[in-house]
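Quick note: numbers below take in every heavy atom, side chains included, and nothing from hydrogens, waters or symmetry partners. Atoms within a ligand are numbered from 1 in the order they appear, just like the ligands themselves. This one's a predicted model, so the numbers in the text were calculated from it and none came from an experiment.
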Amino acid sequence: MSKQLNYMSPVLNGNIKVPGDKSISHRAVMFGAMAQGKTEVTGFLAGEDCLRTIDCFRQLGVQITQDGGHVTVESEGMNAWREPAEVLYTGNSGTTTRLMLGILAGTGFHSIMTGDASIGKRPMNRVLNPLREMGADIRGREGGQYTPVAVQGKTLKAIEYTMPVASAQVKSAILLAALNAEGTTTIIEPVPSRNHTEIMLQTFGVQLSQEDSKIEISGDQQLKTANVEVPGDISSAAFMIGAALVAEGSDITIEQMGTNPTRTGILDVIKAMGADFELVERDGAGEPSADMTIRYSKLVGTEIGGAVIPRLIDEIPLLALVATQAEGTTVIKDAEELRVKETDRIDAVVTELKKLGADIEATTDGMVINGPTKLNGAKLASYGDHRLGMMAAVAALITDGPVEIDDVECIAVSYPNFFEQLESMIR
Ligand code: S3P
């Protein structure tokens with residue numbers, strides 16, 4: 001389904017609470033399924049990706065009820081899971097596919113996983129390589145590069161692994177496999193990536209140690225049930241932050257947004273660009289969160305690269321759009337990981353923003369944007385990528401003419417009520 005947007009210089013005002021964090025929602029269901037007993041999750045993201053995680057565990061015999069953001073997981077523990085009779089379908093979700101590989105590798109049964117066309121193009125060998133070193137028996141297309149993948153659960157052994165790329169999905173898959181491995185596994189990260197797995201495993205009673213870039217975890221640990229309160233997803237909030245920054249006169253507040261420091265790279269970047277915003281910390285269980293007030297701002301270009309990249313990797317499409325409105329040059333580098341996301345986000349962002357008249361060029365590991373540029377209307381493609389679809393919708397707030405976006409349904413992967421919330425703030 002395509003959608004035509006004709007916002008005509010809107011001003012955004014109001015308060016919203018964006019949907020729950022996608023990374024934390026996946027993990028809450030997974031860890032609840034691994035623990036013996038009942039786990040309650042509030043603030044769960046009922047988006048397509050996290051619903052696929054629920055489906056997969058139901059197929060393993062775990063009892064899960066989901067009513068909007070409230071999820072109850074009842075499990076007799078991993079040893080009671082049953083061999084799935086059908087293929088596990090992970091849809092568009094890289095997190096489901098890669099973390100489940102780590103979990104399934106150490107079970108006693110056989111399983112097969114596959115996803116949509118985008119998942120079928122995303123590299124799985126980055127997870128298979130360390131898991132195979134642990135003794136995992138996993139087969140996939142092209143030597144294990146791509147889904148469908150077949151996993152024959154095995155007894156695993158601990159490894160010491162230096163990760164070649166900063167990836168929370170790879171790190172998490174190894175950590176989860178390590179729980180079923182004999183011995184102590186050591187993981188060394190090149191640059192810190194999001195640490196939701198480490199935080200939540202400890203909430204579920206698992207012991208692990210962390211020193212600088214090194215994480216150690218011993219096997220044969222049982223998870224204990226816990227209740228999880230999921231904060232708003234800063235990666236979804238990013239689109240509203242970007243909307244307020246570019247739509248003249250805007251002033252909005254985003255309530256209870258997750259502010260885990262491994263995720264707040266976008267805040268550092270917009271601060272350097274001159275954004276006018278404040279954070280008021282919230283009390284609460286679990287991960288840190290805050291209410292963020294953000295206003296339309298005159299921005300300047302900046303350089304985005306190095307260790308901040310994993311802390312804002314999913315926000316780069318939105319930041320590229322914002323940079324088209326900033327005075328001067330913005331350089332995004334060290335972000336080659338964008339090429340293996342839901343789509344090649346370097347080529348896709350550059351192609352689509354050019355259609356709007358932006359001055360933007362792709363590089364091998366990022367992009368260079370000169371601004372400010374007045375944007376025109378155009379017909380844009382989402383590539384079936386939720387974050388590309390939302391970038392296009394935010395752009396429509398400031399284009400001269402209408403923007404038409406194809407396949408907008410994909411936005412439901414992470415932000416099912418995106419248009420409703422965006423349009424609720426238009427004055
Ligand atoms: C995620 C990790 C990141 C991120 C993705 C979610 C996670 O991927 O882009 O949206 O939940 O662990 P990588 O691990 O591939 O960097």
Side-chain angles (χ1 to χ4, degrees), residues 19-31 44-45 47-50 52-53 90-103 115 118-119 121-131 147 161 163-177 187 189-201 215 228 230-231 233-239 258 260 262-266 287 307-319 334-346 348-349 365 385-391 410-411 413-415:
D21 188 276
K22 181 156 77 69
S23 296
I24 299 176
S25 297
H26 281 298
R27 287 157 173 84
V29 171
M30 291 175 179
F31 300 176
F44 175 82
L45 167 63
E48 288 301 320
D49 271 16
C50 299
R52 295 293 77 74
T53 293
T90 60
N92 191 242
S93 179
T95 306
T96 311
T97 314
R98 296 202 177 110
L99 270 59
M100 295 269 325
L101 274 170
I103 297 172
S118 155
I119 281 292
K121 292 191 203 122
R122 299 185 65 185
M124 292 298 144
N125 48 352
R126 51 177 57 197
V127 183
L128 260 58
N129 293 340
L131 292 180
T147 56
Y161 193 71
M163 292 177 38
V165 283
S167 160
Q169 292 177 356
V170 175
K171 173 177 63 175
S172 302
I174 303 171
L175 283 169
L176 297 173
I187 304 170
E189 286 193 276
V191 178
S193 62
R194 64 190 68 192
N195 61 359
H196 305 299
T197 298
E198 296 91 306
I199 292 176
M200 204 189 292
L201 278 179
I215 309 166
V228 181
V230 184
D233 196 328
I234 190 170
S235 298
S236 297
F239 293 95
N260 176 318
T262 62
R263 298 284 299 281
T264 50
I266 182 175
E287 296 230 4
V308 79
I309 293 295
R311 297 177 53 233
L312 50 64
I313 189 73
D314 293 337
E315 287 65 82
I316 292 177
L318 180 275
L319 284 170
D334 306 319
E336 49 278 282
E337 273 295 297
L338 291 175
R339 297 207 180 271
V340 289
K341 292 295 176 189
E342 284 82 335
T343 188
D344 178 336
R345 284 186 177 158
I346 295 179
V349 165
D365 65 347
D385 180 338
H386 52 137
R387 301 205 201 276
L388 262 293
M390 288 187 276
M391 177 198 78
C410 65
I411 292 174
V413 153
S414 62
Y415 205 153

Q. Can you find a pair of side-chain heavy atoms, one from Arg122 and one from Arg98, that are under 4.5 Å apart?
A. yes
Q. Are any of the side-chain heavy atoms of Thr95 and Arg27 separated by less than 4.5 Å?
A. yes
Q.
I'd like to know if Lys341 and Asp385 make a salt bridge, using a cut-off of under 4.0 Å between side-chain N and carboxylate O.
A. no
Q. Taking C-beta and beyond as the side chain, do Leu319 and Ile266 meet within less than 4.5 Å on heavy atoms?
A. yes
Q. Do Arg194 and Asp314 meet the salt-bridge criterion of a basic N to acidic O distance under 4.0 Å?
A. yes
Q) Can you name the residues that come within less than 4.0 Å of ligand 1, going by heavy atoms only? A) Lys22, Ser23, Arg27, Thr95, Arg98, Ser167, Ala168, Gln169, Arg194, Ile313, Asp314, Lys341
Q: Show your working on side-chain contact (heavy atoms from CB on, under 4.5 Å) between Val165 and Arg126 and close with a plain yes or no.
A: CA-CA 8 Å; Val165 283; Arg126 51 177 57 197; 4.1 Å; yes
